[in-house]
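Here is the structure we will look at, set down as structure tokens.
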Amino acid sequence: MRMSQLLLPTERETPADAQALSHVLGVRAGLIRQLGAGLWTWLPAGWRVHQKIEAIIREEMNAIGGQELLMPLIQPRELWKKTGRDQIDELFSLSDRKGAEMVLAMTHEEAVTFHVSQIVRSYRDLPLILYQLQLKGRDEPRPRAGVLRTREFIMKDSYSFDRDDAGLEVSYAKHIEAYDRIFERSGLEWYRVESDVGVMGGSGAHEYMAPCPAGENDVALAPGYAANVEVASAEPSAAHLPPTQNEPSEAPTPGAKTIEQVSAALDLHPSALLKAFPVVTDSEKLVLAIVRGDHRVNEFKLRSVLGEGFRPASDEEISSQIGPPGFIGPVGIQVPVLLDSAVAGQPGGWVTGANKLDIHLLGVEPGRDFQFDLADIRSVEEGDLVDGTPIRLEAAIEVGNIFKLGTRYSEPLGASFLDEDGAEQSIVMGSYGIGPARIAAAAIEQNADESGIAWPKAIAPWEVELVVLGKAGSAEVEAGEKLYVELIEAGLDVLFDDRDAGPGEKFADAELLGCPLRITLGKRSLESGTLELQGRRGLTELASIPLDDGSAAAVREILSQLP
RNA sequence: CGGGGCGUGGCGCAGCCUGGUAGCGCACCUGCUUUGGGAGCAGGGGGUCGGAGGUUCGAAUCCUCUCGCCCCGACCA
């Protein structure tokens, strides 16, 4: 590609509304442009990156027997009513000229299951893996960070159809294999982590996370362990408890409502306190969840333990059924108590609210002083242990996910088959997503420096940028034209900066765009008979190569060494 | 949905408080010079100041409403 003919609007200045690095550099390097909130155009160079990622995905999906198809973005709302997903707030809704209600698909479970339900009749038709690269529409409450969270985006979504759970395990394992290879080949640093099954429902899920500062999720990492903090479990540090007592005793704590205030008033470590978190479930049951004072309630875990959604209890509900807000505790109340496992490890000496104004209880012992159900409902923290090793927390972008759906969709949509015995069975499904745009964003975030992007070779817009210095008609330009043709004929993926611009501008743009290998051809090259090569990562000077008939082969060789 | 911020030429900004008919840098066009790190000189084009209404002799500036965008939180198959 000749740069003189390329639509590549590079910007010297940072866009005023951009925060995340991938957003700033995506715009400055001329890869993407915004049309509206969460609505982005991929400009030619950016689209090449996207397409390279798509190509890797297609190869690996085909390698596990996936079959590519394409389903509509616009769908009848009726279909979504059958699975109940028409109630999701993020679902874009519209109607056609006849007033028929339509939606923009946020994923394609309904559509693909609808078709499979009509087409698949027999166990002989299974298993199946179907996939597509198609737009998704989501009315996001808050699009952000450029291409990281948008209202419309291309997703690779695949769906597996099996006759039983054992079959699903096989399809799931195949996707793990394909996904590991896709992210590895894309050149990302990535983790496969255990994840929450969320509102999709299902029996198991993993997420693929690419660590980077702009990430919206936190992952807990230890050697051999990786999990989204939403579900991560680890051994807590020990609480600093005062001595046990034969029975609880009251201590005055006037005005001390927060953990900080109470621990200061009683001169105790926050970990000695029991933090009471009253919630009301969707079915209007009041439950008192309790974690250690220095721990935080994990809402994902709590929802999963409760088996339904919940909201924090109101002050009125707390006052009438437990005690004065700020001074509540589990002792002597008629409300069910859900106690975090981290508390159960140590027997006594806990401090809780006394359910009396301005008073806390010392020496409280779970079991002796109050009844409870035990569950893991806290969020892990930096320094908690997994197999004796402290975990660390890291921000990450979710670049892919895999779900075991089971019959969540096949049952409401009637996707079934006849087994060998002629018995009708529901198809067991899995669903699997990848966001190519997020792979691109993560690659930028993970590999940028002060000068710009440093793409992994596999997904760079071009592998090589040929920078020719010299004015039009000069011997340098003539030699550059010849070299460009030779590189193209050698099958290399080359961007040729043939613009009539100064060297500083060309170098700066090359570093901003971030092709892995830069070839410089100027007056010096003609004098010395060599080409200068620079690797984009770290802007490393590579060995010069002779400028002759073997140049293209030499470039190819050097390129093969680059990441 | 709660909180905060911002809309002035393609991009980044000043002007607004204290009303007088729009300016700077970059980019762009023409010519000449220049060509190994975002060049120089000269000339030039482009904005009804997000939109609507109001106050006023006069509104980018003051008032009201509205739309859009960004950030934090909530939310996020």
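Lettering follows sequence order; numbering is per chain, from 1. Computation of the quantities below employed the complete heavy-atom set of this structure, encompassing side-chain atoms and omitting hydrogens, waters and symmetry-equivalent molecules.
- Comparing A:Ser451 and A:Gly433, the nucleotide of RNA chain B nearest to each residue sits closer to the 5' end for A:Ser451.
- When heavy atoms are screened at a 4.0 angstrom cut-off, A:Arg499 is found touching no nucleic acid atom at all.
- Residue A:Pro503 has its side chain nearest to B:U35 when only B:U35, B:A74, B:C69 are considered.
- A:Phe153 does not carry A:Lys136 over the face of its six-membered ring by the limits of under 6.0 Å from the centre and within 45° of the normal.
- Looking at A:Glu476, its side chain has no donor and acceptor atom pair within 3.5 Å of the base of B:G36.
- Counting non-hydrogen atoms under 4.0 angstrom, A:Ala20 reaches nothing in the nucleic acid.
- Within the nucleic acid shown, A:Glu207 has no heavy atom closer than 4.0 Å to any nucleic acid atom.
- OP1 and OP2 of B:C72 both lie 4.0 Å or more from every side-chain N or O belonging to A:Gln19.
- Relative to the side chain of A:Glu532, the nucleotides B:G37, B:G38, B:G36 differ in distance, and B:G36 lies closest.
- Here A:Asp89 lies out of heavy-atom contact (under 4.0 Å) with every strand.
- Side-chain proximity of A:Glu505 to B:G36, B:G38, B:G37: nearest is B:G38.
- Residues passing the salt bridge (Lys or Arg N to Asp or Glu O under 4.0 Å) test with A:Glu177: none are found, sequence neighbours excluded.
- For B:U64, the paired base is B:A52 (Watson-Crick or G-U wobble, both distances below 3.5 Å).
- For A:Asp509, counting side-chain heavy atoms from C-beta on, the closest listed nucleotide (B:A74, B:G38, B:C76) is B:G38.
- Distance NZ/A:Lys156 to CD/A:Gln132: 10.0 Å, rounded to 0.5 Å.
- Nucleic acid contact for A:Arg438: none, since no nucleic acid atom lies under 4.0 Å from a heavy atom of the residue.
- Residues A:Lys301 and A:Asp376 are paired through a salt bridge, judged by an N-O separation under 4.0 Å between the basic side chain and the carboxylate.
- The phosphate of B:C69 has neither OP1 nor OP2 within less than 4.0 Å of any side-chain N or O from A:Arg144.
- A:Gly36 comes within 4.0 angstrom of sugar-phosphate atoms only, judged by non-hydrogen atoms across all strands, and of no base.
- The aromatic rings of A:Tyr179 and A:His175 sit perpendicular to each other, their planes meeting at more than 60°, with 30° as the lower class boundary.
- Separating the CG atom in A:Leu542 from the CD atom in A:Gln534 is a distance of 8.0 Å, to the nearest 0.5 Å.
- For B:U34, there is no paired nucleotide, since no Watson-Crick or G-U wobble pair has both relevant distances below 3.5 Å.
- Taking every side-chain heavy atom of A:Ala508 into account, B:G37 is the closest of B:G36, B:C69, B:G37.
- Residues A:Arg438 and A:Glu216 are paired through a salt bridge, judged by an N-O separation under 4.0 Å between the basic side chain and the carboxylate.
- Residue-to-nucleotide proximity on RNA chain B shows that, of A:Glu140 and A:Arg524, the 5′-proximal contact is made by A:Arg524.
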>> So if I define the base as every atom that isn't primed, P, OP1 or OP2, how would nucleotides 8-13 of chain B read as a B/S/- string at a heavy-atom cutoff under 4.0 Å?
In response: ---SSS
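- If you check every strand for non-hydrogen atoms under 4.0 Å, A:Ala501 touches a base.
- Judged by Watson-Crick or G-U wobble contacts below 3.5 Å, the nucleotide B:A22 has no partner.
- Proximity note for A:Gln34 (side chain, C-beta onward) versus B:C75, B:G36, B:C69: the nearest is B:C69.
- At a threshold of 4.0 angstrom between heavy atoms, the contacts of A:Thr10 with the nucleic acid are absent.
- Using a cutoff of 4.0 Å between basic side-chain nitrogens and carboxylate oxygens, A:Glu110 and A:Lys82 are not scored as salt-bridged.
- Protein atom CG of A:Leu469 is 12 Å distant from nucleotide atom P of B:U35, rounded to whole Å.
- For A:Glu478, the CD atom counts as loosely surrounded, since its 6.0 Å shell holds 12 or fewer non-hydrogen atoms of other residues, nucleotides or ligands.
- Nearest to the side-chain atoms of A:Arg142 among the listed nucleotides B:G36, B:C76, B:A74 stands B:A74.
- Under the Watson-Crick or G-U wobble criterion, with both distances below 3.5 Å, B:C17 has no partner in any strand shown.
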